[in-house]
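First the proteins, then the strands, lettered A, B, ... as listed; each starts at 1.
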Protein chains: 2
Amino acid sequence: MINKQLLNPSSIVVVGGSDDIQKPGGKVLKNLIDGHFKGSLYVVNPKMDEVQGIKSYRDVKDLPEVDCAILAIAAKFCPSTVEMLAKQKNTRAFIILSAGFSEENAEGKALEKQIVETIDSVGGALIGPNCIGVLTTNYNGVFTTPIPKLDPKGVDFVSGSGATALFIMDAGMQKGVKFSSVFSVGNSAQLGVEEVLEYWDESFDPETSSRIKLMYVESIDKPEKLLKHASSLIRKGCRIAAIKSGGSAAGSRAASSHTGALASSDVAVEALFRKAGIVRCNGRDELATVAAIFNYPELRGKNMAIVTHAGGPAVMLTDALSDGGMEIPHLEGPKAEALLAQLFNGSSVGNPIDFLATGTAEQLGIILDACNRDFDNIDGIAVIFGSPGLFPVFDVYEVLREKIATSPKPIYPIFPSSMVVKEEIDEFVRKGGVYFPYEVNFGNALCKIYRTPAPQPAEPALPEVDRKRIRAVVDQAENGYLSPEQIHELLDAAGIARAKEGVADKEEEIVGLARQIGFPLVMKVVGPVHKSDVGGVTLNVRDEATVRSEFRRMMQIKDTHAVMLAQQLSGTEVFIGAKREDKFGHMVLCGLGGIFIEVLKDVKAGLAPIAQPEALDMIRSLKSYKIIQGVRGQEPVNEQKFAEAVSRVSMLVKVAPEIFEMDLNPLLGNKENVVAVDARIRIEK
Amino acid sequence: MINKQLLNPSSIVVVGGSDDIQKPGGKVLKNLIDGHFKGSLYVVNPKMDEVQGIKSYRDVKDLPEVDCAILAIAAKFCPSTVEMLAKQKNTRAFIILSAGFSEENAEGKALEKQIVETIDSVGGALIGPNCIGVLTTNYNGVFTTPIPKLDPKGVDFVSGSGATALFIMDAGMQKGVKFSSVFSVGNSAQLGVEEVLEYWDESFDPETSSRIKLMYVESIDKPEKLLKHASSLIRKGCRIAAIKSGGSAAGSRAASSHTGALASSDVAVEALFRKAGIVRCNGRDELATVAAIFNYPELRGKNMAIVTHAGGPAVMLTDALSDGGMEIPHLEGPKAEALLAQLFNGSSVGNPIDFLATGTAEQLGIILDACNRDFDNIDGIAVIFGSPGLFPVFDVYEVLREKIATSPKPIYPIFPSSMVVKEEIDEFVRKGGVYFPYEVNFGNALCKIYRTPAPQPAEPALPEVDRKRIRAVVDQAENGYLSPEQIHELLDAAGIARAKEGVADKEEEIVGLARQIGFPLVMKVVGPVHKSDVGGVTLNVRDEATVRSEFRRMMQIKDTHAVMLAQQLSGTEVFIGAKREDKFGHMVLCGLGGIFIEVLKDVKAGLAPIAQPEALDMIRSLKSYKIIQGVRGQEPVNEQKFAEAVSRVSMLVKVAPEIFEMDLNPLLGNKENVVAVDARIRIEK
């Protein structure tokens, strides 16, 4: 419901605007004036006819029609003001800075509800309440500073916390990051993070839209919507990074006390972000660093050249990139030698390319050209250049700026001398440059981006399951754990292989069963409690004759009234689980069984539905994956079948969302198949 | 060999001093002048009688006696200049800034050697060559900027790389960190990082010395010396943080190309730092952040209060601390309520303590006093306070400064608004404050410090081993793998339990052996290759009668000429290994066996000798430690015995450094004992 009046209003009124710029109503007006808002600007202030040189009305009812209203008045006055503006003044965009609403108490919540109803009734848009406002390239609708440099190709940013938005902007601005829009959604009474994402997605124009989106969220209320629009944006060529805080148990308490929102389970968030392709960041510095990297062309591989005039930072960056899974390929051969010949004696080009403390701007240009032209095994270039303070380095930074603008491969500038070349850095930023102060922070962020998978396809190929049969079981099931028969029915309907078994009390019957199930088999008496003690368990039954003779023998055992036959399976124990997570639908988890889950917590989670390729990614990112591949002469687990089982479990819980949790533990996997041996399913309708 | 003339010279000559402050010789002179060096200052310049207002001599031989010489002349002129100064001018301290020595080629190496010999012959000190120089509170002997604020209680810093030293100072200064001394050791021709550490240790004065030491190193040449002095300093109350770069394979290539030094194995470095109690950092920002934390009183526990006027950063900090193993205890009860009553409506004190965007300086003071006085479950306090830019916050930062100065618990200030409260931050720093710009970077650094163990004791209690018996085996051993007999002798001499075994070809002999070893036993034929196939293996032999009957049976088997008896052990497979690492002595590794080593790489390493408590720490920090404790009804491994075996292996390799590598794989551990079942030892003399 974000509309033109919110994004690009032709007129704005600040209700509660004043001359006191230490108050929100005064400061937002000053920001609008300082930002040279091109439309009509009005103020409503009951005591003034002019505020900061702007015409002020004593009452809202005296206003002319106005597109957008920014409210900085006490909460209790907001509903009537909104009513008047919406109904009488054709106002269709509202930004309510004031606090005292749902974040405070029940009365506040009621006021908030009333406001939303009014705005909804005229199809308007509401940002807030309890927020710092909105910034677009058209107007500075925030009551705070700093105001970042605005640029249509800069970052689009939505934040669930106003102050945090400011601090994130601060961190970005330090690195030269520019902004295209900033939405502080406050209480998200009508428009929240998800709606802003939806708007970005639906209004995306490959020509004019920014391709960089940042989010700060403390709770995710509509994960499906977030997933849909974030992954859609990324598929359209955008890059998205986000902080979702409150992930730790203690952090979640902190978040609750802050926003009144219950934090969602962090595992689900992680799974959601990976499915969407969102780069998840842990702090402001990391988010701002990732945003700065997003300003450069996308890195097409994992091979980096490091160009430096000082060894140490290059070594540290090499460590960081290499530890994070990227490569710093060795450069050699005639082209490397030709490059070396153009540098001062003592330089090295093996990568890192070290052109010494005496290296010149011209040499830097030569190196960058060579990296672009001569070395196919280089995908991106990091340049570390500071200064010992002997002479200015304007020329070097200018060459960098020029090369960055024309280089097909991304060139990331790292400036480690924040003090002695401050003027050079300032000029670099003033001319539009984006830079990195710390090589290791940069390297870690680059690796994080590199390791973030592409979004899953919008229409993944999902396995067919027998929906009717599944629904039949679930519809008639009670809350609680399902019976073995119900579980078998569900697994069969979902196409999940399970150990075949059957019970019979007649010899011909049991022979028939044995033929159906296939050898080898396990036979067990039905009736006696301590089956082994009475000689009632026989493993490794390999032929019909043994089935017959063992059946006869077993039926003689006291209390035995039948014999159970089951497929005798061998293989590696693996695990698949599913759990319903409030709002997120179901998480499906997989891993190796036993101590790998209980002690090492080596599980990966995805959000249902999970197509087979995504399941395969989950399996392959397990720490114990090598065991699945087969190690020390052990038989491998068929990973395609394992992935298929994960995918089918995800479909089962999609079709039967009443499943609160289920465990297939263990499944036995060998190179032929992955078969559930034991299963538990709990229904909670 | 660091001496008074280097630290606090009464006179300094700059050889190669000039008026061109874009050259090292000009800039170092300017720095000395700007730093108001109090002693006599001279220049040698063949063409000038006065340089930058300082008396210049045309020839070194014309100089009066001078304590300290800073050389900024071509390498080839250095040896004769040093000779003249050392022999004729009583100069006892030399700082050679010039490059062109061992880092460049063989001739340079020869020049360097000559210089060291001259300086050694007069008992002088040499810093460099190929360095940026030395900074102390007495003089600015560097040719670079920025010059940090100098303070006897600031950071003592030694760096193996000059440019990196600058960039690290820059990162520290941004946070308000002051320096007491900076040594850029360049090629470390005479004095390297280890010698500087040694000097700090031996000259440490609890009254006057700084307690904060930082290091940047790319190679560690004298690990034992580093360990000795670093751990000694920490035991005296110092705190040390260091970057050792070049740890990744690619990074090590980068380091080699840079310093000509072969990088030491990173695992050994990690083990060394842990043993010493050094906080290992991965980049400049982290090192500077740790240094900033070191400026505060030591945190005595893991319980933090987070005080904030903005929710988001507090949530992110809570996540970071909590994920890093610290606690943010919930605050409640009458004292919490009393605190809450003094804050604005809507504040929360549950921890994080959020006193809202409207919170005042006075309220902050009340909160900090309460944290100190009322809450015993709080060890340290992080205060996050930025600004939305409505009004200045000088008063808040002033309260913070006052409380920091008097608070028994550390109060860490985090200032997230670098732009709008820049003046306030600058004033805070000008008045001596140290702060943190990013809450998550701060939190991660704090956790890293928290997780760094205390140094091992200088005189650890090490197990007794039979040195004579060990030496006897090793002295007569050839290079290569030892025989089973030799291995048994070594393990027995080192007191490492091993599976008992013996071979006999007579019935009475084997019965005697069985009595010695004890039941249960395994019996195996000696002679046949495929022992199982011919019925030549019997497990679980539990009495003498069976020993006799099985012996008789086995001796009938074709090709059998004797029978082997071995203790039949059961338990969890664990692993101990040792490896000699160039310069570092031996690393000893331990972990669970099998896939835990091969797939999960879950091993911990320590440097020999390892006392039992250190070994226990290693075992307890394994990811799979719960399995050693006993999980899922499995019998635990006796961790004291496991630790003792680790400690004994470390003593074995200490006594027999000719052991190049050894593996005890597996040992079987149960609640009684940990016993080596298979062992391999390789000698390389």
Side-chain angles (χ1 to χ4, degrees), chain A residues 22 27 104 144-146 161 163-164 166-167 170 173-174 216 218 245-248 250-251 254-255 257-258 282-285 310-316 318-319 322-323 328 346 348 350 352 354 357 386 388-391 416-420 438 440-441 595 598-600 623-624 626-627 631, chain B residues 22 27 104 144-146 161 163-164 166-167 170 174 216 218 245-251 254-255 257-258 282-285 310-316 318-319 322-323 328 346 348 350 352 354 357 386 388-391 416-420 438 440-441 595 598-600 623-624 626-627 631:
Chain A
Q22 297 203 345
K27 188 66 178 287
E104 203 161 291
T144 56
T145 41
S161 159
T164 313
L166 276 183
F167 304 153
D170 190 300
M173 290 163 72
Q174 285 180 48
Y216 174 83
E218 287 173 5
S245 65
S248 65
S257 73
H258 175 48
N282 290 320
R284 294 184 294 115
D285 183 33
V315 181
M316 290 188 275
T318 302
D319 283 343
S322 173
D323 291 345
I328 296 84
S348 54
D354 187 341
L390 293 178
F391 38 78
S417 298
S418 78
M419 298 190 178
V420 288
Y438 293 109
V440 170
N441 303 24
I595 52 144
E598 290 172 31
V599 177
L600 302 169
K623 288 193 197 75
S624 48
K626 277 195 181 162
I627 296 170
V631 78
Chain B
Q22 296 204 344
K27 187 64 177 285
E104 203 160 292
T144 54
T145 39
S161 160
T164 313
L166 278 183
F167 304 153
D170 190 302
Q174 282 180 48
Y216 174 82
E218 287 174 4
S245 66
S248 65
S257 73
H258 175 48
N282 290 320
R284 295 184 292 116
D285 183 33
V315 181
M316 290 189 274
T318 302
D319 284 344
S322 174
D323 290 345
I328 296 84
S348 54
D354 188 340
L390 291 179
F391 38 77
S417 297
S418 78
M419 299 191 178
V420 287
Y438 292 109
V440 170
N441 304 25
I595 53 144
E598 291 170 31
V599 177
L600 302 169
K623 287 193 196 76
S624 46
K626 277 195 181 162
I627 295 170
V631 78

ask   = Is there side-chain contact between A:Tyr216 and B:Met316, with at least one heavy-atom pair below 4.5 Å?
value = yes

query = When only pairs under 4.5 Å are counted, which of A:Gly386, A:Gly346, A:Pro313 shares the most heavy-atom pairs with chain B?
reply = A:Pro313

Nearest heavy atoms of A:Gly312 and B:Ser161, plus distance in Å = N-OG, 4.1 Å

Residues which pass side-chain hydrogen bond (donor to acceptor under 3.5 Å, both in side chains) with B:Asp170, listed by chain and number, not counting sequence neighbours = A:Ser418, B:Gln174

message = Only pairs of heavy atoms separated by less than 4.5 Å count here; which of B:Thr145, B:Thr144, B:Leu166, B:Leu600 has the most with chain A?
response = B:Thr145

message = Can you give me the closest heavy-atom contact between A:Pro388 and B:Lys27, atom names plus distance?
response = O-NZ, 4.4 Å

query = Who pairs with B:Val599 by side-chain contact (heavy atoms from CB on, under 4.5 Å), at least two apart in sequence or on another chain?
reply = A:Lys626, A:Ile627, A:Val631, B:Ile595

ask   = Taking all non-hydrogen atoms of both residues, which atom of A:Ser245 and which atom of B:Val315 are closest, and how far apart?
value = OG-CG1, 3.4 Å

note = For A:Arg284 and B:Pro416 the tightest heavy-atom approach is NH2-CB, 3.4 Å

request  = With rounding to the nearest 0.5 Å, note down the distance linking CG in B:Asp319 to CG in A:Asn282.
outcome  = 8.0 Å

task = Check whether A:Asp285 gets within reach of chain B through its side chain, its backbone, both or neither, counting any heavy atom under 4.5 Å.
result = both

